[in-house]
Amino acid sequence: MSRIRSKDTSIELALRRELWRQGYRYRKNYKGLPGTPDIVLTKYKIAIFCDGELFHGKDWEVLRPRLLKGNNADFWVKKIERNMERDRENDKKLLFLGWTIIRFWGNDILKNPKQCVRVVEETIFDNKMNDYMELY
């Protein structure tokens, strides 16, 4: 556990590198927001989280039974369920503050970071269109 990093993970670096290459400027590990998002586009009020599949419970219905068969099962199930609950709490807080939240799974970032940037671009476009529609 001591070797698990919370900042500058390989998935974060891959996404940040691609965002920078596409011309997007960001803040990293922004402590001014709930949950300390991995990447924040302050200009667009977008908070991006790069979640690892294990620690954030991807496909939890499949993962949970596998964990229950392993060592120290109670600890791991409790830990991951608390992580998932904390993610939901932080999402609610950010939404209340008017931020848009994007969550990417680590493998998705590593396989195709350009697709992840495309999702960010679509979100920016949608937010601009919503702001425009509110004016009229």
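Just so it is clear, the structure is predicted and the values come from calculations on it, not from any experiment. Nothing fancy with the numbering, it's 1 onward along the sequence.
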Report summary line: Here the gap from Asn127 atom CG to Thr100 atom OG1, rounded to the nearest 0.5 Å, amounts to 4.0 Å
Requested in this report: Give me the ring orientation class for Tyr30 and Trp99: parallel if the planes are under 30° apart, tilted from 30 to 60°, perpendicular past 60°.
Outcome: tilted
Query raised in the report: Between Arg64 and Val77, is there a donor-acceptor pair closer than 3.5 Å when you use the side chain of the first and the backbone of the second?
Result: no
**Report entry** Considering all heavy atoms, the nearest Ile80-Trp60 contact
**Finding:** CG2-CZ3, 3.3 Å
Query raised in the report: Does a side-chain heavy-atom distance below 4.5 Å link Ile101 with Phe49?
Result: yes
Query raised in the report: Linking I/L/V/M/F/W/Y whenever any side-chain heavy atoms sit under 4.5 Å apart, do Leu110 and Val120 land together?
Result: yes
Query raised in the report: Taking all atoms of both residues into account, what is the closest heavy-atom pair of Gly57 and Met84, and its distance?
Result: CA-SD, 3.8 Å
Query raised in the report: So, for Ile109 and Ile11, which heavy atoms are closest and what is the spacing to 0.1 Å?
Result: CG2-O, 3.3 Å
Query - Salt-bridge contact Arg21-Glu18 (side-chain N to carboxylate O under 4.0 Å) - result: yes
Query - Shared hydrophobic cluster, Leu67 / Phe75 (ILVMFWY, side-chain heavy atoms < 4.5 Å) - result: yes
Query raised in the report: In this structure, are over 12 heavy atoms from other groups packed under 6.0 Å from Arg27 atom CZ?
Result: no
Query - Gln22 side-chain N/O to Val117 backbone N/O, donor-acceptor pair under 3.5 Å - result: no
Query raised in the report: Should we count CG of Asn130 as having more than 12 external heavy atoms under 6.0 Å?
Result: yes
Requested in this report: Report whether Leu13 and Ile39 are members of the same hydrophobic cluster (ILVMFWY, side-chain heavy atoms less than 4.5 Å apart, transitive linking).
Outcome: no
Query raised in the report: In this structure, are over 12 heavy atoms from other groups packed under 6.0 Å from Asn72 atom CG?
Result: yes
**Report entry** Donor-acceptor under 3.5 Å (Asp38 side chain, Cys50 main chain)
**Finding:** yes
Report task. Before accepting this row, confirm whether a basic side-chain N of the pair Arg103/Asp91 lies closer than 4.0 Å to the acidic partner's carboxylate O. Result -> yes
Query - Basic-acidic side-chain contact under 4.0 Å: Arg82, Glu85 - result: yes
Report task. Could you tell me whether a side-chain N or O of Asp108 sits under 3.5 Å from a main-chain N or O of Phe104, the two making a donor and an acceptor? Result -> no
Query raised in the report: Between atom CG of Leu15 and atom SG of Cys116, what is the distance when rounded to the nearest 0.5 Å?
Result: 6.0 Å
Report summary line: Closest non-hydrogen contact found for Ala14 with Pro113 is O-CB, 4.2 Å
Report task. For Lys45 and Leu97, indicate whether the former's side chain and the latter's backbone hold a donor-acceptor pair under 3.5 Å. Result -> yes
Query raised in the report: To the nearest 0.5 Å, how far apart are OG1 in Thr123 and CD in Glu121?
Result: 10.0 Å
Query - Nearest non-hydrogen partners of Phe55 and Lys79, listed with the distance - result: CE2-CE, 4.1 Å
Report summary line: Here the gap from Leu94 atom CG to Ile46 atom CD1, rounded to the nearest 0.5 Å, amounts to 12.5 Å
Report task. Would you give the length of the straight line joining atom OG1 of Thr36 to atom CG of Asn90, rounded to the nearest 0.5 angstrom? Result -> 8.0 Å
Requested in this report: Could you tell me how the ring of Tyr44 sits relative to the ring of Tyr24: parallel (under 30°), tilted (30 to 60°) or perpendicular (over 60°)?
Outcome: perpendicular
Query raised in the report: Is the closest side-chain heavy-atom distance between Lys58 and Leu63 below 4.5 Å?
Result: no
Query raised in the report: Hey, is Arg16 close enough to Asp8 for a salt bridge, meaning N to O under 4.0 Å?
Result: yes
**Report entry** Main-chain N/O of Gln115 paired with Asn112 side-chain donor or acceptor, under 3.5 Å
**Finding:** yes
**Report entry** Spatial distance of atom CD1 (Ile48) from atom CD (Glu12) [nearest 0.5 Å]
**Finding:** 10.5 Å
Query raised in the report: Do Trp20 and Ile102 sit in the same hydrophobic cluster, where Ile, Leu, Val, Met, Phe, Trp and Tyr count as joined when their side-chain heavy atoms come under 4.5 Å apart?
Result: yes
